[in-house]
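What follows is one structure encoded as structure tokens, with my remarks underneath.
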Amino acid sequence: MRAILLALSVLIPSAAVADLTVSFRDGAPKDRFTLSYDGACALDRLDVQIDLGAAPAGLIFDTTAAGAGVEVFQPLEWVSGAASTSEVTDGDTLLSLSLDEVRPGATWAFTVDIDDTTSTRQITVDGSEMAGAVLRADGQAAAFDASGMATVRLANCLS
């Protein structure tokens, strides 16, 4: 009986651990987001959201000279990999990404300008100001920490 159960366990797929980590690094004039997939299986597609609206610093995407941003602005630009993105309008707080053909070890990176809209109105935003912003993927959510990192455990990876 034990041999039959062991044989069946090999044939039935089991859930594998897979994480998506997003790191934010401030820079002048461009801030950088890096997405890293640490999973054992490939995914056809992964929909991701970065929601700045929950961060206490009042963060926004500053993509044009007109709008709520401070001095310098930068549109979203992919620097490693690529994905379909929602249109990012100056002053937006939400960015939606669709990553296609996600492979184990894959990374993506893009630059854009992030500004705060609090009374300090700084040109640069550091990781501590990202604290509270939210990463969503695969029905999971995680807040960015004070170092500018967020990780979600993905549930749709079977091995």
Side-chain angles (χ1 to χ4, degrees), residues 18-157:
D19 292 333
L20 177 71
T21 299
V22 176
S23 65
F24 168 81
R25 296 293 171 254
D26 63 318
K30 298 177 180 185
D31 301 309
R32 183 182 180 107
F33 286 87
T34 303
L35 296 82
S36 302
Y37 175 68
D38 178 22
C41 63
L43 304 173
D44 291 333
R45 179 180 168 143
L46 183 60
D47 293 321
V48 178
Q49 288 185 330
I50 298 173
D51 185 354
L52 304 177
L59 302 179
I60 61 166
F61 291 100
D62 182 19
T63 59
T64 66
V70 181
E71 294 178 31
V72 178
F73 64 92
Q74 294 293 325
L76 187 143
E77 178 181 27
W78 286 97
V79 294
S80 175
S84 302
T85 62
S86 59
E87 183 177 345
V88 183
T89 306
D90 193 78
D92 282 349
T93 61
L94 183 68
L95 173 64
S96 296
L97 312 168
S98 291
L99 306 173
D100 293 326
E101 298 182 18
V102 178
R103 301 291 177 246
T107 61
W108 304 261
F110 64 90
T111 58
V112 66
D113 186 31
I114 304 291
D115 286 345
D116 73 32
T117 60
T118 61
S119 60
T120 59
R121 309 257 314 140
Q122 297 177 23
I123 294 174
T124 60
V125 171
D126 65 24
S128 67
E129 291 175 288
M130 279 295 290
V134 177
L135 167 65
R136 293 185 191 91
D138 194 33
Q140 306 299 315
F144 281 82
D145 63 20
S147 72
M149 305 245 337
T151 299
V152 292
R153 171 96 3 121
L154 304 174
N156 65 1
C157 186

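Every value quoted in this text rests on a predicted model; they were computed, and no experiment measured them. Below, each value reflects all heavy atoms present in this structure, side chains not excepted, and no hydrogens, waters or symmetry copies.
The CG atom of L59 sits 13.0 Å away from atom CG of D92, with the distance rounded to the nearest 0.5 Å. In this structure, F61 CZ and L94 CG are separated by 7.5 Å, a value rounded to the nearest 0.5 Å. The line from CZ of F110 to OG1 of T34 is 8.5 Å long, rounded to the nearest 0.5 Å. Within the model, atoms CG of D113 and CD1 of I60 stand 8.5 Å from one another, a figure rounded to the nearest 0.5 Å. To the nearest 0.5 Å, atoms CZ (F144) and OG1 (T151) are separated by 9.0 Å. Rounding to the nearest 0.5 Å gives a distance of 8.0 Å between CG of D47 and CG of L99.
Contact of the L135 side chain with the Q140 side chain is not registered, since no non-hydrogen atoms from C-beta on lie closer than 4.5 Å. For the pair L43/L154, a side-chain contact is recorded, criterion being any heavy-atom separation below 4.5 Å from C-beta on. Counting only heavy atoms from C-beta outward, the side chains of W108 and L97 never approach each other to under 4.5 Å.
In terms of modelled atom types and a separation under 3.5 Å, the side chain of D90 and the main chain of T63 share a donor-acceptor contact. A distance-only check finds a donor-acceptor pair linking the side chain of D145 to the backbone of S147 [under 3.5 Å]. Using a distance-only test at 3.5 Å, with no hydrogens or angles considered, a donor-acceptor pair links the side chain of D31 to the main chain of I114. At distances below 3.5 Å, at least one donor-acceptor pair connects side-chain atoms of D51 with backbone N or O atoms of G53.
The minimum heavy-atom distance between A141 and R136, with the atom names listed, is CB-CG, 4.0 Å. Taking each heavy atom of D100 and R45 in turn, the nearest pair found is OD1-CG, 3.6 Å. Here the closest heavy-atom approach between residue G39 and residue P104 is recorded as O-CB, 3.0 Å. Nearest heavy-atom pair across A137 and V48 is CB-CG2, 4.2 Å. Scanning all heavy atoms of the two residues, the minimum distance from T118 to A57 falls at CG2-O, 2.9 Å. Annotation for A150 and A142: closest pair CB-O, 4.1 Å, computed over non-hydrogen atoms.
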Would you list the atom pairs, donor with acceptor, under 3.5 Å between side chains in residues 74-88 and any protein atom, with sequence neighbours excluded?
from: E77; atom 1: OE1; to: K30; atom 2: NZ; distance (Å): 2.7
from: S86; atom 1: OG; to: S96; atom 2: N; distance (Å): 3.0

| task | Take L52 and M130 through the side-chain contact (heavy atoms from CB on, under 4.5 Å) test and state the conclusion after the steps. | result | CA-CA 7 Å; L52 304 177; M130 279 295 290; 3.9 Å; yes
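Applying the ring-ring contact (aromatic ring centres under 6.0 Å, His included) criterion to F24, with sequence neighbours excluded, gives F33.
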